[in-house]
Amino acid sequence: MPFTANRAFKRAPRMLVAAKGMYYTAADGRQILDGAAGLWCVNAGHCRESITAAIREQAGVMDYAPPFQMGHPLAFELAQQLVRMLPGDIDHVFFGNSGSEAVDTALKIALAYWQSRGQPQRVRFVGRSRGYHGVGFGGIAVGGIEANRKQFAGQLLPAVDHLQHTHDLSRNAYSRGQPRHGAELANELEALVQKHGADTIAAVIIEPVAGSTGVLIPPVGYLDRIREICDRHDILLIFDEVITGFGRLGAPFAADKFGVVPDIMTVAKGITNATVPMGAVCVRGGIYDAVINASASGIELFHGYTYSGHPLAAAAGLATLDVYQSEGLFERAASLEDYFGDALHALRGAPHVVDLRNIGIVGAVELEARPGAPGARGFETFLKCFEAGVLVRSTGDTLALSPPLIVEREEIDRIFETVGQALREIA
Ligand SMILES: Cc1ncc(COP(=O)(O)O)c(C=O)c1O
């Protein structure tokens, strides 16, 4: 099982057998309120009729079409719908099947871009400590989670640096929205440029809000400064929006929320409301043109997947974007942000809590680690919440809350009351 304590799970399994709207049904018949949108991905709620119907229908019309030297209309239609939603001049899309594939594809497109611009020496990537970019070899190299690398020690990407993360409880504890302090941490990028030379650096990859390592929200001005430094030195900026995309922050994308447009964006998860696996890399027109025009003829990008733009995923994606738009779910998320934040911050003073932070419909409850047992408190709280009928996500000693954007106020209350009760019950 992925990222799971296999032996413990098999001794005491937690099985889900059905889902509808805001709720899962567990194997023992209990209704479980989904405080995590599955795994940050079911943004429109579970088993939405129009999405499941689109998948069923497409399965009966054309189950599969090869994407190499062939095409099908739904993939192009989805790319076009997506482009209408994307920020700035990001206007081309390449499909894969997951966030991890999107990340590795984005890194490869960045390298191909520099080759096409006659700068093949630009091969260095800059990631960030505590960044999560999936589990491909590229993703774990630029990612900043040591545990995800050390089991596979060996040669990853040849040249990668990591910026510091921006999480700083000494200055920013209990922030609402963007923390005030830390924009200056972006200057580290300038130092790396001075050290290596801009002409060796292909791209910087950043999660605008780091999700998987505990909801690390960018300080005011930080992303703007990263963008400025990239512009000054002609370095590509990649935003990994696998979690932050599709309304999670109360805007279509983090790029919109923070007013900073990257050159390349990776998305996945919410693109199909998690019904059929799909990921995508979205690039500015200039990147597309450079790679395509550099090739005299024939195949321009030696990359792709058997299931790139799979018909069922494309049908699911189109139906999903339609739900987001017709129900105004991104605006709904924005309108709930304060209520969600108030409910989260009401946990101030609860046992073990050392920080609460929120943005859009994402909240984090950071706990003090139990001495000698990092992560134990977080995991036990997750288990208690599940027993009490609420699914939350624990990552180390931080609980992350990110319910579907259809969440009602009473459900927000219940999520945080359940967390509060669980914290009172654990040691
Ligand atoms: C920011 C980010 N990038 C990439 C990924 C990897 O996505 P996947 O698990 O679909 O490969 C994730 C997954 O959580 C993520 O949060």
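We count residues from 1, following the sequence as given.
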Practice item. Flag the pair Arg248 and Glu207 as a salt bridge only when some basic side-chain nitrogen lies within less than 4.0 angstrom of an acidic carboxylate oxygen. Key: no

Check your understanding: Do the side-chain N and O atoms of Glu241 and Thr244 include a donor-acceptor pair separated by under 3.5 angstrom?
Key -> yes

**Study point:** Donor-acceptor pair, side chain of Ser129 and main chain of Leu163, under 3.5 angstrom
**Key:** no

Point to revise | Stepwise side-chain contact (heavy atoms from CB on, under 4.5 Å) check, Phe9 with Arg14 | key: CA-CA 7 Å; Phe9 185 93; Arg14 293 173 294 281; 3.6 Å; yes

Review point. If every non-hydrogen atom of Gly134 is compared with every non-hydrogen atom of Ile140, which pair is closest and at what distance?
Key: O-CG2, 3.7 Å

Review point. Would you say the side-chain atoms of Asn273 pair up with the backbone N or O of Asn43, donor to acceptor, closer than 3.5 Å?
Key: yes

Exercise for review: Return the minimal non-hydrogen interatomic distance between Trp114 and Ala202, and the atom names on each side.
Suggested key: NE1-O, 2.9 Å

Check your understanding: From Thr418 OG1 over to Glu411 CD, what is the distance, rounded to the nearest 0.5 angstrom?
Key -> 11.5 Å

Point to revise | Separation of Thr395 OG1 from Phe379 CZ (nearest 0.5 Å) | key: 12.5 Å

**Study point:** Derivation of the side-chain contact (heavy atoms from CB on, under 4.5 Å) call for Val242 and Tyr132
**Key:** CA-CA 10 Å; Val242 166; Tyr132 181 64; over 6 Å; no

Exercise for review: Step through the shown structure and confirm whether more than 12 heavy atoms of other residues, nucleotides or ligands are within 6.0 Å of CZ on Phe382.
Suggested key: yes

**Study point:** Approximate separation, where rounding is to 0.5 Å, of Met62 CE and Leu312 CG
**Key:** 9.5 Å

**Study point:** Asn6 side chain to Thr4 side chain, donor-acceptor N/O pair below 3.5 angstrom
**Key:** no

Practice item. Of all the heavy-atom pairs spanning Ala334 and Gly250, show the shortest one and how long it is. Key: CB-O, 3.4 Å

Practice item. Please state whether the rings of Phe330 and Tyr324 are parallel, tilted or perpendicular, taking 30° and 60° as the class boundaries. Key: tilted

Review point. Just by modelled atom types, is the Phe95 backbone N or O under 3.5 Å from a matching donor or acceptor in the Ser308 side chain?
Key: yes

Check your understanding: Can you tell me if CZ on Phe76 sees more than 12 non-hydrogen neighbours from other groups inside 6.0 Å?
Key -> no

Review point. Counting heavy atoms not belonging to Gln194, are there more than 12 under 6.0 Å from its CD?
Key: yes

Point to revise | Non-hydrogen side-chain atoms of Arg424 and Pro351 separated by less than 4.5 Å | key: yes

Review point. Are any side-chain N or O atoms of Thr381 and backbone N or O atoms of Leu423, one a donor and one an acceptor, separated by less than 3.5 Å?
Key: no

Check your understanding: Which pair of heavy atoms, one from Ala316 and one from Ile51, lies closest together, and at what distance?
Key -> O-CG2, 4.0 Å

Practice item. Would you please test Thr105 and Thr266 for side-chain contact (heavy atoms from CB on, under 4.5 Å) and show each step? Key: CA-CA 9 Å; Thr105 301; Thr266 53; over 6 Å; no

Check your understanding: Mind checking whether Val93 and Leu78 have side chains closer than 4.5 Å, heavy atoms only?
Key -> no

Point to revise | CD (Gln421) with more than 12 external heavy atoms under 6.0 Å | key: yes

Check your understanding: Relative to the ring of His303, is the ring of Tyr305 parallel (under 30°), tilted (30 to 60°) or perpendicular (over 60°)?
Key -> perpendicular

Exercise for review: Indicate yes or no: at least one non-hydrogen side-chain atom of His72 is less than 4.5 angstrom from one of Gln58.
Suggested key: no

Exercise for review: Indicate yes or no: at least one non-hydrogen side-chain atom of His167 is less than 4.5 angstrom from one of Thr213.
Suggested key: no

Exercise for review: Spell out, as yes or no, whether a donor-acceptor pair under 3.5 Å connects the side chain of His181 to the backbone of Pro219.
Suggested key: no

Review point. Between Tyr288 and Phe94, does a side-chain contact (heavy atoms from CB on, under 4.5 Å) hold up when you go through it step by step?
Key: CA-CA 10 Å; Tyr288 174 85; Phe94 188 98; over 6 Å; no

Review point. Taking the six-membered ring for Trp, are Phe340 and Phe416 parallel (under 30°), tilted (30 to 60°) or perpendicular (over 60°)?
Key: perpendicular

Review point. What heavy-atom pair brings Val215 and Ala400 nearest, and what distance separates the two atoms?
Key: CG2-CB, 4.0 Å

Check your understanding: Going by heavy atoms in the side chains, are Pro403 and Ile415 under 4.5 Å from each other?
Key -> yes

Practice item. Using atom types as modelled and distance alone, determine if a side-chain donor or acceptor of Glu101 lies under 3.5 Å from a backbone N or O of Asn97. Key: yes

Review point. Are Phe258 and Val209 side-chain neighbours, meaning at least one heavy-atom pair lies under 4.5 Å?
Key: yes

Point to revise | Exam field: side chain Gln121 to backbone Asp199, donor-acceptor pair closer than 3.5 Å | key: yes

Exercise for review: If a pair satisfies ring pair (Phe, Tyr, Trp, His ring centres under 6.0 Å) and one of its residues is in residues 219-243, list it, with sequence neighbours excluded.
Suggested key: none

Check your understanding: Is it true that a side-chain atom of Arg122 and a backbone atom of Ile201 form a donor plus acceptor pair closer than 3.5 Å?
Key -> yes

Review point. Taking 4.0 angstrom as the limit, do Arg225 and Glu228 come out as a salt bridge?
Key: no

**Study point:** Backbone N/O of Lys384 and side chain of Glu425: donor-acceptor pair under 3.5 Å
**Key:** no

Practice item. Considering only NZ, NE, NH1 and NH2 on the basic side and carboxylate oxygens on the acidic side, decide whether Glu190 and Arg232 come within less than 4.0 Å. Key: yes

Study note, to complete from the structure: The reported gap from CG in Leu318 to CD in Gln80 (rounded to nearest 0.5 angstrom) is 10.0 Å

Check your understanding: With a 4.5 Å limit on heavy-atom distance, are the side chains of Gln31 and Leu33 in contact?
Key -> no

Review point. Going from OG on Ser402 to CG on Leu249, what distance comes out if it is rounded to the nearest 0.5 angstrom?
Key: 11.0 Å

**Study point:** For Leu237 against Cys230, the heavy-atom pair lying closest together
**Key:** CB-SG, 4.1 Å

**Study point:** Exam field: side chain Ser175 to backbone Arg357, donor-acceptor pair closer than 3.5 Å
**Key:** no

Check your understanding: In Å and rounded to the nearest 0.5 Å, what is the CE to NE2 distance from Met278 to His310?
Key -> 9.5 Å

Exercise for review: Apply side-chain hydrogen bond (donor to acceptor under 3.5 Å, both in side chains) to His46 and Asp34, showing your working.
Suggested key: CA-CA 9 Å; His46 294 275; Asp34 186 359; 2.7 Å; yes

Review point. Heavy-atom distance under 4.5 Å between the side chains of Leu367 and Glu380, does that happen here?
Key: no

Exercise for review: For the pair Asp263 and Arg227, evaluate salt bridge (charged side-chain N to carboxylate O under 4.0 Å, His left out) and give the outcome as yes or no after the intermediate values.
Suggested key: CA-CA 10 Å; Asp263 303 296; Arg227 177 75 271 183; 3.0 Å; yes

Review point. Does the side chain of Asp161 come under 3.5 Å of the side chain of His196 through a donor N or O and an acceptor N or O?
Key: yes

